[in-house]
Undergrad: 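Here you go, one structure.
Below, all heavy atoms of this structure are taken into account, side chains as well, without hydrogens, waters or symmetry copies.
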Amino acid sequence: MSAAPPSQTVRRRGSPSAGDADDPSRPWTLVATPELLLLAASLFWALTANRLFLAAALHGRVATDPSTVGFAAALLVILATLHYAMFALLATRWTLKPLLALLIVATAFATHYMQAFGVYLDPSMLRNVMRTDVAEAREMFTWSLLPHLLLYAVLPLLLLWRVRLVRRSWLRGTLIRIGAMALALVLGVGTLWLVFQPFASLMRNQRDLRYLITPANYVWSIGAVAAAQFKGAAKPRQPIGLDAAPGPLMAARADSSAAAPVAGGPKPLVVLLVVGETARAANWGLNGYVRQTTPELAKLPVVNFSQVSSCGTNTEVSLPCMFAPVGRRDYDEATIRGSESLLHVLARAGVSVQWRDNQSGCKGVCEGLPQDFVQTLNPAGLCADGRCMDEGLLLGIDERLAAAHGTQLQVLHMLGNHGPAYFRRYPPAFAKFQPACLTDDLQQCSQQQIVNAYDNALLYTDHVLASLIAKLQAASAKVDSVLIYVSDHGESLGENNLYLHGLPYAIAPDLQKRVPMVIWTSAGLPAAIGLDTACLQRRASAPASHDNLFHTVLGLTDVRTSLKEPSLDLTQGCRSGTTAAP
């Protein structure tokens with residue numbers, strides 16, 4: 001065999017390769033053990049990613065007080081050791097750098113949105129993030145994100161790239177890793193013991209603060225969502241309302257059609273249930289807001305419910321909850337998500353159910369039932385960049401009314417006031433309140449500009465609802481009808497430096513939990529079902545919630561089932577005759 005050329009370096013077994021830490025050809029190389037690198041990352045996150053947690057934990061304390069300084073230092077130690085212990089088992093020479101790279105980028109995104117909008121990354125919020133569509137995600141990528149990513153993602157990644165981890169045998173590396181994790185746990189637990197009383201009191205009184213601890217918050221929440229989805233995927237939705245059956249009035253309608261009604265019989269009934277998006281009660285003109293954001297509805301004989309509470313603060317929670325028999329009053333997320341909805345109960349009784357969506361889907365509420373999407377229908381002049389104006393929900397309504405028979409429920413899921421791009425939710429003709437925020441980046445606008453754009457979007461929602469009512473009125477000679485509008489949740493528009501929605505329900509402001517709701521009925525419906533509309537107007541000033549929706553729709557459609565709680569039917573106390581029975 002020929003000898004290696006003099007210029008070629010012969011590497012002995014166990015010596016470093018050209019790309020290893022001690023390669024002199026790679027300047028500015030940092031040499032570290034996996035444990036030291038993970039410790040540096042944990043300290044970095046404790047100091048830079050937990051500003052909101054530390055501010056909330058230290059709120060009300062005197063900054064110069066020695067006890068405050070000691071408590072703050074203890075919190076930093078707890079944060080660092082918590083994250084070290086979480087990721088220590090994965091801190092091998094081969095896995096640590098890819099893991100840290102992923103966490104650095106994810107944490108930079110997380111802290112930007114937490115600080116910009118005041119959100120908490122709990123499982124509910126992460127479920128929203130994981131199920132968002134492309135159009136919605138695109139609106140969240142704004143120019144203000146870039147400097148944050150440069151500072152908290154790009155620069156750390158550059159440093160991480162220059163780190164070369166030392167080599168060790170597998171056994172030695174495993175033993176050191178386990179020992180380091182044990183030491184971190186001992187240090188963390190010991191520090192926690194020193195400040196246990198104030199820390200325990202803090203976490204007991206403000207339990208949702210744990211969802212500000214970053215990156216532990218989103219790692220835990222992603223795991224919780226994934227586990228719930230895996231568990232849910234393993235079994236079908238549980239049927240509910242197996243005893244659902246048509247009442248006498250619904251049975252009589254079954255033989256009627258708008259084209260050929262039965263002589264002397266009831267007209268077909270069409271219920272339009274319009275699910276609003278991000279409309280808050282505080283800015284609803286019918287509720288006495290300083291601006292008239294509902295001018296068209298104000299001219300119509302609608303019943304406005306002024307004190308309505310939502311089931312959740314985001315669509316992922318509220319939408320399934322409002323279609324469940326037991327909502328916020330006895331909230332059980334696993335049961336709600338694992339069961340059929342109001343729509344399945346109605347369909348089982350013979351109601352013709354159709355879901356039309358102009359947003360991100362029905363969240364399982366309409367699973368297995370007829371549905372269509374405005375974007376797929378692509379109404380002329382109403383769609384652009386993956387989004388459609390809500391007037392697209394009206395497409396084909398006239399034809400459906402003309403062919404109506406029996407009892408029909410059509411659910412229209414609006415795009416409504418979905419933020420942050422409120423200015424994209426309405427055509428130019430509704431840009432009444434000026435100047436409006438004309439960017440997806442709310443940080444670039446004043447609060448008044450944001451409110452102006454938001455109120456313009458409400459004006460458009462008012463117009464869409466009035467247009468639907470006009471179509472129902474036009475068909476009232478042949479069809480009885482009712483329109484119910486209720487928003488899924490509210491919105492923060494900069495109050496207390498909070499934006500958008502999705503805060504944990506226990507600490508969310510009323511602005512995110514109070515929503516508008518209206519009911520309109522055709523001229524002939526009250527007499528047909530024995531409804532006293534004056535009584536309903538009086539009832540509308542009392543508190544109501546999403547919990548009422550399930551039972552009210554059952555009452556209006558005359559579907560009989562043991563699931564119905566008459567006391568939650570908003571029309572129950574204003575009804576006469578046998579149709580009011582559960």
Undergrad: In this structure, which one of Lys513, Glu277, His546 forms a side-chain hydrogen bond (donor to acceptor under 3.5 Å, both in side chains) with His489?
TA: Glu277
Undergrad: In Å, rounded to the nearest 0.5 Å, how long is the span from CD of Gln238 to CD of Glu340?
TA: 8.5 Å
Undergrad: Are Phe373 and Trp355 close enough, and set up right, to give a ring-ring contact (aromatic ring centres under 6.0 Å, His included), and what steps lead you there?
TA: CA-CA 8 Å; Phe373 295 84; Trp355 182 284; 9.3 Å; no
Undergrad: Hey, what do you get for CZ (Arg514) to CG (Asn287), rounding to the nearest 0.5 Å?
TA: 8.0 Å
Undergrad: Among side-chain atoms of Ser144 and Asp441, is any donor-acceptor pair under 3.5 angstrom?
TA: yes
Undergrad: Can you measure from OH (Tyr505) to OG (Ser124) and round to the nearest 0.5 angstrom?
TA: 12.0 Å
Undergrad: Can Asp455 and Tyr289 be counted as having a side-chain donor-acceptor contact under 3.5 angstrom?
TA: yes
Undergrad: Atom CG in Leu511, atom CZ in Arg280: separation rounded to 0.5 Å?
TA: 4.5 Å
Undergrad: Taking all heavy atoms of Ala506 and all of Asp208, pick out the closest pair and write down the distance.
TA: CB-OD2, 4.0 Å
Undergrad: Taking all heavy atoms of Glu495 and all of Leu493, pick out the closest pair and write down the distance.
TA: OE1-N, 2.7 Å
Undergrad: Ignoring hydrogens and angles, state whether a donor on the side chain of Asp488 or Thr315 is under 3.5 Å from an acceptor on the partner side chain.
TA: yes
Undergrad: For Pro34, does its backbone N or O pair with a side-chain atom of Arg93 as donor and acceptor, under 3.5 Å?
TA: no
Undergrad: Count the heavy atoms belonging to other residues, nucleotides or ligands that lie under 6.0 Å from CG of Asn205, then report whether that count exceeds 12.
TA: yes
Undergrad: Could you state the interatomic distance from CD1 (Ile104) to CZ (Phe44), rounded to the nearest 0.5 Å?
TA: 6.5 Å
Undergrad: State, to 0.1 Å, how close Asp357 and Cys362 come at their nearest heavy-atom pair, and which atoms those are.
TA: OD2-N, 3.8 Å
